Each structure stands twice: as C-alpha cells, then as structure tokens.
Amino acid sequence: MDFSQFEIDSDWLIILISPIVIVFVYPFVIMAIMYSVTVFLRVYRLRRRAIFDAYAENFWDGANQAVAAFVDAHGEYWHGYEIVGLDKLPDKGPALLIYYHGALPIDMYYIMARIYIEKKRRLRNVVATFLFHIPGFQIALEVFGAVEGRTREQCIEILKNGDLLAISPGGVREALFSDEYYGMIWNSRKGFAKVAMAAEVPVYPVFTQNVRETIRALKIGRGFFRKLYEWTKLPLVPLYGGFPVKMRTFIGDPIYCDPSDTSEELTTKVQDGIKDLIKKHQRIPGSIFQALRDRWTHRRRRSTIKNKKE
C-alpha cells in the first residue's frame, strides 16, 4: 500500500494521532541531551585529573570518545543507523564534506561520532551563528570544533591544517523550508566551492536517507514562518517528530577541484552529486510510515541473518 500521497497534506493528522511525548517533546529531548553534554564537558574539565585516560594526548580526547560512543549508541538503537562509504574518506589529510540539511542535523551528530570512533578523526562542522549565542553551548561548540558560518578564511585554514570539515550550503533555510520532496535550498551559495578551491581539497557529497522523516517542520503557516526567519534569522518554525525511522548516510565519490573550473561549476558538480544520492537512495516524497517500515523490516532481516549464522 502506498502511503506517499496520503502524507502530502497530513501534518495535522500526524500531530493528532501521534503520541504527544514523541511528537512534540522529542526536539526538546535533543536539546536536553545537548545541554547534558555541555554539563558533562564542564565536569570533565573540572575533574580531569581524576580521570584516567591511557591513550589521550589531549585531555579532551576522553570526553570526545565518551560523547561519540553515547551518540553512536543512540543512532544505532533508535534508527538502526548505518553509514555507507566511510572508507572513501581519507585516514589522514583534509577533506570537505557537503551535506543536505534535515530539519535537525541529527544525522551529522551520528556522522561525527562514527568518524571519531572508526577513524579516530574529528569532523569539524560549520554551524549557524545563532548557536554561538545560546547560553551554555560555547563549551560544546569549542570542544567539538564547530565553526561559525561566516568565517571562510577559518574554513580554509582548517583544511590546510589537514582536518575534515563539513558544510551544509542550505543551512537553516534548507532545514526549515525544504520538505518531504527533498528540494535543495542553496540560494546560489557557492562559498564552500571557493573554500575547496583555495584549500585544494576533495569534496564529498553526503546525504542521509529519511533524515526528513525523523523530524519535520510544520507546513502550517509556512509563509509566515519564512518571512519571520528572513527577518530574524532565527529558527522559530515548530518542529515535530522523533520517529525511529531507518537512517543511512551515503558518502559519495570525491569530487576534485579542476583548475579550469569556476566556483559556479564546482558548486553545480557537488549539487548534482547530492541530487544523485537523493535520487538513488531516497523515496520521493518521503514517507514516515514507509521509513518506519524500513526500520523494522531491516531489523527483522538482521535478526534472520544472525539466527542462520548461529
């Protein structure tokens, strides 16, 4: 049975039939988790001398490892999270990851955690400026290497230092005003291309399957909220969700900067790379019901394979 058409105008129906705790509280739970992380980091900083960390060269390494393990466990148990193409990323040296932005970038938390656990590398991420003004968040942003969105020179420096960096050209606008059709809202942004060309690094298109089915922005009053965002630059659109849908991140093949390319041409290549990942791996329009079915079907399949091996 195809539920896709049913979902197109079903925001209010979903709100009415979904458990209030899951639908409306989950975004605040994510915020609470993030604040919990900042509390943990503050305690870690104050009591670091009492914490034995045999491998760490930097006292924040243990904190990063612990938080990464926590986030990765959440992704695995709630979303059956997988990442395909992680081996494409270099074990050493710089790379720029360009990704499609969900209503909340929860997939980016999972990507950062998995890279830290499996490659022992920190993925730095360009984030919205308003996050730097949220009380209590500064320590988390500092420890995890967040970069303010308007610092192009800093991005180039990070890459030239050999680090990994992630950018979503669509940013908050794409997060709040894209929908289950997964349209990319870049508004002619090509700053990331100029960064990649200046640093001479490969660019990896990244997309997470069903990222808009786990948390969505309300469609009701979208015109009003769009005007409000353009005026305030604050994410004031109500969100709902927290659905345990199947999530898979796909990392595409690297796109190398051709010296003859302009920033516009490189931008188009990367955008086409993400569109190709969406076309191959995402049901359009996205369906919460189908994505939930994917999650549990995949879980049963894994259990069947495990039983056969035993």
Side-chain angles (χ1 to χ4, degrees), residues 21-23 25-38 40-41 62-89 97-125 127 131 140-141 143-146 164 166 168 175 182 204-216 239-252 277-278 281-283 286-288 290-303 305-306:
V21 171
I22 294 179
V23 172
V25 175
Y26 185 81
F28 295 99
V29 170
I30 293 295
M31 294 294 292
I33 290 173
M34 294 175 71
Y35 268 108
S36 298
V37 168
T38 64
F40 169 76
L41 292 172
N64 274 308
Q65 186 71 26
V67 172
F70 175 80
V71 172
D72 192 62
H74 180 275
E76 180 178 354
Y77 290 110
W78 193 248
H79 295 290
Y81 180 73
E82 298 177 77
I83 185 167
V84 179
L86 184 60
D87 57 310
K88 296 178 182 179
L89 298 181
L97 283 66
I98 303 298
Y99 65 98
Y100 172 87
H101 204 307
L104 277 182
I106 188 169
D107 58 322
M108 184 50 56
Y109 309 149
Y110 298 150
I111 294 168
M112 294 170 69
R114 191 64 60 87
I115 288 176
Y116 196 87
I117 291 170
E118 296 196 12
K119 286 187 172 287
K120 305 301 180 185
R121 302 196 65 185
R122 184 174 65 162
L123 173 62
R124 304 191 66 178
N125 190 22
V127 302
L131 290 175
L141 295 171
V143 172
F144 299 126
L164 301 175
S168 172
Y182 286 82
Y204 292 80
V206 178
F207 171 72
T208 300
Q209 184 184 60
N210 295 327
V211 67
R212 297 209 77 88
E213 278 58 74
T214 181
I215 296 175
R216 284 187 174 177
L239 303 178
Y240 67 92
F243 304 105
V245 302
K246 179 65 181 177
M247 293 180 71
R248 290 188 187 91
T249 293
F250 295 90
I251 299 176
L277 292 176
I278 293 173
H281 304 294
Q282 182 60 52
R283 183 184 295 107
S287 165
I288 293 172
Q290 295 282 17
L292 286 168
R293 189 176 70 173
D294 292 343
R295 171 74 176 98
W296 302 115
T297 299
H298 178 78
R299 185 174 183 177
R300 288 197 299 271
R301 189 182 302 119
R302 288 184 62 181
S303 298
I305 293 174
K306 182 178 179 181

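What you are looking at is a predicted structure, and each value in this text was computed from that prediction instead of being measured.
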Keeping [X] on the side-chain end and [Y] on the backbone end, is there a donor-acceptor pair under 3.5 Å?
X: K119; Y: L89; value: yes
X: D72; Y: A113; value: no
X: T249; Y: T208; value: no
X: Y100; Y: I278; value: no

So, do [X] and [Y] sit near enough that their side-chain heavy atoms are less than 4.5 Å apart?
X: V71; Y: M112; value: no
X: V84; Y: H281; value: no
X: K120; Y: Q65; value: yes
X: V211; Y: Y182; value: yes

Minimum heavy-atom distance between [X] and [Y], given as atom pair plus value:
X: L131; Y: L141; answer: O-CD1, 3.6 Å
X: H101; Y: A175; answer: ND1-CB, 3.3 Å
X: G145; Y: R122; answer: N-NH1, 3.5 Å
X: I251; Y: G85; answer: CB-O, 3.8 Å
X: I215; Y: L239; answer: CG2-CB, 4.2 Å

Kindly compute the distance separating [atom1] ([X]) from [atom2] ([Y]), expressed to the nearest 0.5 Å.
X: M247; Y: I83; atom1: CE; atom2: CD1; value: 11.0 Å
X: D294; Y: R248; atom1: CG; atom2: CZ; value: 7.0 Å
X: F243; Y: I288; atom1: CZ; atom2: CD1; value: 4.5 Å
X: T214; Y: L292; atom1: OG1; atom2: CG; value: 9.0 Å
X: Y204; Y: L164; atom1: OH; atom2: CG; value: 9.0 Å

What do the steps show when you test M108 against V206 for side chain to side chain contact (heavy atoms under 4.5 Å, CB included), and what is the final call? CA-CA 10 Å; M108 184 50 56; V206 178; 5.6 Å; no
Take Q282 and N210 through the test side chain to side chain contact (heavy atoms under 4.5 Å, CB included) and record every step on the way to the result. CA-CA 7 Å; Q282 182 60 52; N210 295 327; 3.3 Å; yes
Report the C-alpha separation of Y99 and N125 in whole Å, then their side-chain angles, then the decisive distance to 0.1 Å, and conclude whether the side chain to side chain contact (heavy atoms under 4.5 Å, CB included) test is met. CA-CA 11 Å; Y99 65 98; N125 190 22; 3.4 Å; yes
Given Q209, H79, R212, the one that forms side-chain contact (heavy atoms from CB on, under 4.5 Å) with V245: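 Of the listed options, the one satisfying the test is H79.
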Check this for me: does any side-chain nitrogen of one of K246 and E82 sit under 4.0 Å from a carboxylate oxygen of the other? yes
Name the orientation class of the two ring planes belonging to Y110 and Y81 (parallel below 30°, tilted from 30 to 60°, perpendicular beyond 60°).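 Y110 vs Y81 ring planes: tilted.
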